[in-house]
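Here the structure comes first, spelled out in structure tokens, and everything after it is commentary.
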There are 2 protein chains.
Amino acid sequence: MRPATYYILASLAGEPLHGYAIAQRAGELSDGAVKITAGTLYGALDRLADQGLVVVDHEEVVNGRNRRYYRITDDGLHAMAEELASMRSAVAVGEAAIGQFKLGTVL
Amino acid sequence: MRPATYYILASLAGEPLHGYAIAQRAGELSDGAVKITAGTLYGALDRLADQGLVVVDHEEVVNGRNRRYYRITDDGLHAMAEELASMRSAVAVGEAAIGQFKLGTVL
DNA sequence: GTCTATACATCGTTAGGCGATATATGGTTG
DNA sequence: CAACCATATATCGCCTAACGATGTATAGAC
């Protein structure tokens with residue numbers, strides 16, 4: 001799972017959000033590091049919906065603009081948890097690897 | 001950076017290795033989770049070399065088979081450290097998001 | 001009146017992973 | 001001794017996903 005996809009799911013773990021709000025939330029969560037543009041966002045949401053990781057919760061019109069709210073599913077939470085576990089392992093491996101390298105250069 | 005690329009760098013952080021050994025080491029480091037096949041491996045090594053994240057250290061012939069050893073560069077270590085930082089953040093965000101979700105379902 | 005934020009849609013390009021295939025050596029196993 | 005498997009690198013083509021660009025539309029700010 002790519003970072004954009006992961007942050008979309010993470011953004012939805014708190015509460016259902018509409019597309020545009022998801023992109024903003026992802027930016028906040030990552031402290032500006034992850035910028036999800038329209039091209040990435042709607043493609044990813046379609047894909048995630050196809051995979052059953054998110055579902056459309058409801059739609060509403062605010063100020064003449066339509067908002068389509070997405071909600072994360074149980075499968076979506078599981079997928080996120082698995083990705084989380086993979087990243088934890090990768091972090092541990094990377095820390096050990098870099099630590100070993102630094103030790104190697106000193107000795 | 002995709003997992004395959006990350007694990008290739010991590011495999012080289014300890015010591016220079018030849019291609020085939022990198023693939024094996026990546027499998028060991030990830031406890032079998034990351035399987036780097038030939039198609040992924042040599043393409044990734046070419047890319048990493050183009051980007052200056054690894055360099056060819058030396059070559060040798062063992063049992064009639066050529067071994068091309070790659071070494072990670074300072075840039076490669078920096079790239080790895082950055083990826084590590086990104087993943088740490090992503091893990092923290094994911095943990096907070098899932099925690100918040102579980103709390104939400106209980107209340 | 002123009003600019004910016006909001007909100008969704010779609011196209012084309014690019015990067016990267018991955019299976020498949022190829023080539024070659026040498027040890028193992030039947 | 002033949003078939004198979006591990007070692008070792010190379011290359012092709014497919015597919016997924018990200019992403020920039022572009023388009024449409026509304027509404028408020030300046």
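Here the structure is a predicted model, which means the values were calculated and not measured. Lettering of chains follows the sequences in order, A, B, ..., and the numbering in each one begins at 1.
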Treating Y6(B) as the side-chain partner and A90(A) as the backbone partner, does any N or O pair qualify as donor plus acceptor under 3.5 Å?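 Present.
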With a sphere of 6.0 Å drawn around CG of D31(A), does it hold more than 12 non-hydrogen atoms of other residues, nucleotides or ligands?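 Result for CG/D31(A): open.
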Hey, which of these two, R2(A) or N63(A), hits DNA chain D nearer its 5' end, going by closest nucleotide?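 The residue whose closest nucleotide sits nearer the 5' end is R2(A).
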Less than 4.0 angstrom between a side-chain N/O of [X] and OP1 or OP2 of [N], yes or no?
X: Q24(B); N: dT7(D); value: yes
X: T40(A); N: dA18(D); value: no
X: T37(B); N: dC18(C); value: no

Name the residue closer to the 5' end of DNA chain C, choosing between Y69(A) and R47(B) according to the nucleotide with the nearest heavy atom.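 By nearest-heavy-atom nucleotide position, the 5'-most residue is Y69(A).
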I'd like to know whether R88(B) forms a salt bridge (Lys or Arg N to Asp or Glu O under 4.0 Å) with E95(A), so could you lay out the CA-CA distance, the side-chain angles of the two residues, the decisive distance to 0.1 Å, and finally the verdict. CA-CA 11 Å; R88(B) 278 204 200 97; E95(A) 282 169 347; 2.9 Å; yes
Given [options], the nucleotide with the shortest approach to the side chain of [X]:
X: Y42(A); options: dT10(C), dG26(C), dA18(D); answer: dT10(C)
X: R65(A); options: dG16(C), dT26(D), dT9(D); answer: dT26(D)
X: R68(A); options: dA9(C), dA10(D), dA18(D); answer: dA9(C)
X: A44(A); options: dA18(D), dA21(D), dG16(C); answer: dA18(D)
X: Y20(B); options: dC8(C), dA17(D), dT7(D); answer: dT7(D)
X: R67(A); options: dA7(C), dA10(D), dC18(C); answer: dA7(C)

Point-to-point distance, once rounded to the nearest 0.5 Å, from CD1 of I36(B) to OH of Y20(B):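 Here the rounded value is 13.0 Å.
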